> 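Structure provided below as structure tokens; questions to follow.
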2 protein chains.
Amino acid sequence: MSLTSTDHDFSLESVEVASTPMQRFEEYLQSRAKRMTQQRRRIVEHVFQQHAHFDADDLIDQMQKTAGGKVSRPTVYRTLGELVDAGLLVKMTLRGRAVYEHDYGYPSHDHLYCMKCDSLIEFHSKEIEAIRDAVAEAQNFRVTGHRLIISGICEECSRAARRPNRRLDLI
Amino acid sequence: MSLTSTDHDFSLESVEVASTPMQRFEEYLQSRAKRMTQQRRRIVEHVFQQHAHFDADDLIDQMQKTAGGKVSRPTVYRTLGELVDAGLLVKMTLRGRAVYEHDYGYPSHDHLYCMKCDSLIEFHSKEIEAIRDAVAEAQNFRVTGHRLIISGICEECSRAARRPNRRLDLI
DNA sequence: CTTTGTGCAAAGCGTTTGCACTATT
DNA sequence: AATAGTGCAAACGCTTTGCACAAAG
């Protein structure tokens with residue numbers, strides 16, 4: 001990579017080697033003497049076709065119904081772990097279960113989490129990163145990352161709750 | 001940060017009814033027609049004797065060794081749940097296990113989490129709350145709370161890692 | 001042909017639950 | 001006496017593992 005110019009205002013895209021998640025995963029596998037299998041390939045293809053949060057069960061179900069048929073539960077778990085190691089996915093825990101989302105090629109962000117419908121809304125804030133780094137600095141703490149989840153009720157769900165003729169949760 | 005409004009600087013202490021965690025828990029139990037038992041009393045006494053993060057196993061072990069003998073696992077779990085309902089403890093999840101800390105009478109805060117020694121360092125930032133509220137506002141999201149965990153390596157652990165003659169993790 | 005990956009079944013781990021017995025009210 | 005709580009053992013839900021067979025290099 002040749003950054004010969006004087007100004008530092010370069011776009012990431014021009015610097016990065018253009019590589020798809022699949023290519024990157026292949027590099028990762030090769031670097032560890034692991035193998036590209038049909039299952040791994042199909043999972044990567046499927047996961048990076050959409051940008052959504054999902055858990056292991058979602059993925060198992062979706063693999064079953066779409067692209068080429070079932071992948072076993074252990075293989076799904078193992079592959080998700082590798083995709084995290086490879087830096088392609090990030091894992092977080094919500095309500096005690098692991099939830100995954102794209103990491104590679106996707107800007108870092110935080111989440112609003114609706115406790116009613118379980119949805120996640122992404123947002124980014126440079127200020128939070130600045131505060132994070134300042135706080136850590138003050139404690140001589142070496143930051144590797146952070147996770148901020150703002151919990152509450154999303155617009156849609158609070159609207160639904162306000163509707164007069166909604167289904168009542170009475171005994 | 002725009003705390004531009006007129007002077008809202010009142011102290012919480014002067015407003016609250018002076019009551020200990022135990023008193024508050026008793027009120028909570030009465031309001032729900034639940035009973036104050038020996039086990040519950042001993043757990044509350046023990047938990048509020050120190051300000052530390054702990055999980056169910058910690059508590060079970062500590063109850064065993066100290067104050068009055070063993071409390072069963074199910075009772076510990078049940079009581080922790082009630083203390084959370086009562087607003088005395090907050091629960092968070094770290095490495096897939098539930099961790100508790102004081103809530104009642106303790107200012108809200110966020111955490112630096114050392115991935116090496118598992119310790120939590122507390123800090124408070126009004127700015128984060130302001131950002132949280134601004135982000136939520138923009139999405140018409142009704143906030144009930146947030147959780148920010150900054151992960152990394154604490155000062156002590158990075159010092160340890162830098163020491164030349166440290167115990168090596170070799171095979 | 002060697003080595004890694006897969007799928008099955010079974011185990012693991014933290015947490016919760018059904019139930020007979022005990023304690024609180 | 002009536003009712004809620006305890007402790008045991010067993011179940012739970014998500015995730016991981018041991019192992020024989022299949023597939024990739």
Side-chain angles (χ1 to χ4, degrees), chain A residues 22-23 25-47 53-64 67-86 89-100 118, chain B residues 22 25-47 53-64 67-86 89-101 118:
Chain A
M22 186 69 81
Q23 290 171 322
F25 192 42
E26 264 162 349
E27 286 165 23
Y28 163 86
L29 291 173
Q30 286 191 10
S31 73
R32 309 248 191 144
K34 296 184 167 202
R35 295 170 183 176
M36 176 54 85
T37 64
Q38 304 228 10
Q39 291 86 332
R40 285 171 178 168
R41 198 190 321 276
R42 286 175 41 222
I43 289 172
V44 173
E45 265 164 14
H46 178 82
V47 161
H53 303 88
F54 63 93
D55 63 22
D57 275 323
D58 293 337
L59 182 52
I60 291 164
D61 291 353
Q62 291 163 18
M63 292 306 294
Q64 180 111 275
K70 174 174 177 175
V71 176
S72 74
R73 184 168 292 277
T75 295
V76 164
Y77 274 100
R78 286 185 280 233
T79 303
L80 285 172
E82 287 159 345
L83 290 173
V84 170
D85 282 354
L89 294 179
V90 280
K91 178 183 185 174
M92 69 186 116
T93 303
L94 243 45
R95 291 188 176 178
R97 33 195 316 154
V99 175
Y100 299 83
D118 240 48
Chain B
M22 187 70 81
F25 192 42
E26 265 163 347
E27 286 166 23
Y28 163 86
L29 291 173
Q30 288 191 8
S31 74
R32 310 249 190 144
K34 296 185 167 200
R35 294 169 184 178
M36 177 53 85
T37 63
Q38 304 225 13
Q39 290 86 333
R40 284 172 179 168
R41 198 189 323 278
R42 285 175 43 224
I43 289 173
V44 173
E45 265 164 15
H46 178 82
V47 161
H53 303 90
F54 63 94
D55 63 22
D57 276 323
D58 294 336
L59 183 52
I60 291 165
D61 290 354
Q62 291 162 18
M63 292 307 294
Q64 181 111 274
K70 175 174 177 175
V71 176
S72 74
R73 184 168 291 277
T75 294
V76 164
Y77 274 101
R78 286 184 281 234
T79 302
L80 286 172
E82 287 158 346
L83 291 172
V84 170
D85 282 354
L89 294 180
V90 281
K91 178 183 184 175
M92 70 186 114
T93 303
L94 241 45
R95 289 189 177 180
R97 36 196 314 153
V99 175
Y100 300 84
E101 63 175 13
D118 238 47

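Chain naming here is simple, since letters A, B, ... match the order of the sequence lines and numbering starts at 1 in each. As the structure is a computational prediction, the values presented were derived from the model and not from experiment.
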> Does a nitrogen or oxygen in the side chain of B:Gln38 sit under 4.0 Å from OP1 or OP2 of C:dT24?
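So the side-chain polar atoms of B:Gln38 do come within 4.0 Å of the phosphate oxygens OP1 or OP2 of C:dT24, strictly under.
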> Quick one: which of C:dG14, D:dG5, C:dG5 gets closest to the side chain of B:Tyr77?
C:dG14
> Take atom CZ of A:Arg41 and atom P of D:dA23, then tell me their distance rounded to the nearest Å.
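Rounded to the whole Å, the gap is 14 Å.
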> So, is A:Thr75 near the phosphate of C:dG5, with a side-chain N or O under 4.0 Å from OP1 or OP2?
no
> Rounded to whole angstrom units, what separation is found between the CG atom of B:Asp55 and the C1' atom of C:dG14?
10 Å
> Is the shortest distance from a Lys or Arg side-chain nitrogen in A:Glu26 or A:Arg41 to a carboxylate oxygen in the other one below 4.0 Å?
yes
> Below 4.0 angstrom from OP1 or OP2 of D:dA4, is there any side-chain N or O of B:Thr37?
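Looking at the OP1 and OP2 atoms of D:dA4, neither is under 4.0 Å from any side-chain N or O of B:Thr37.
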> Over how many whole Å does the gap from A:Gln30 atom CD to D:dA24 atom C1' extend?
12 Å
> Once you round it to whole Å, what is the distance between P of D:dA4 and CE of B:Met36?
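Between P of D:dA4 and CE of B:Met36: 17 Å.
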> Between A:Arg78 and A:Arg35, which residue's closest nucleotide on DNA chain C lies nearer the 5′ terminus?
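Here A:Arg35 is the residue nearer the 5' end.
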> Measure the distance from CG on B:Leu80 to C1' on C:dG14 and round it to the nearest whole Å.
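After rounding, the gap between these two atoms is 13 Å.
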> Mind checking B:Arg40 for me? I need base, sugar-phosphate or nothing, with any heavy atom below 4.0 Å counting as a touch.
sugar-phosphate
> Hey, does A:Ile43 have a side-chain heavy atom less than 4.5 Å from the side chain of A:Leu83?
yes
> Atom CZ of A:Arg73 and atom C1' of C:dA10: how far apart are they, to the nearest Å?
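In whole Å, C:dA10 C1' lies 14 Å from A:Arg73 CZ.
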> Rounded off to whole Å, could you give me the CD1-to-P distance for the B:Ile60 and D:dC8 pair?
12 Å
> Rounded to whole angstrom units, what separation is found between the CG atom of A:Asp57 and the P atom of D:dG13?
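Roughly 11 Å, once rounded to whole Å.
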> For the residue pair A:Met63 and A:Gln39, establish whether any side-chain heavy-atom pair is separated by less than 4.5 Å.
no
> B:Gln39 has a side chain; which of C:dC8, D:dG7, D:dA24 sits nearest to it?
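That would be D:dG7.
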> Between A:Glu82 and A:Arg40 (salt bridge meaning N to carboxylate O under 4.0 Å), is one present in this structure?
yes
> Any donor-acceptor pair under 3.5 Å linking the side chain of B:Asp58 with the backbone of B:Asp55?
yes
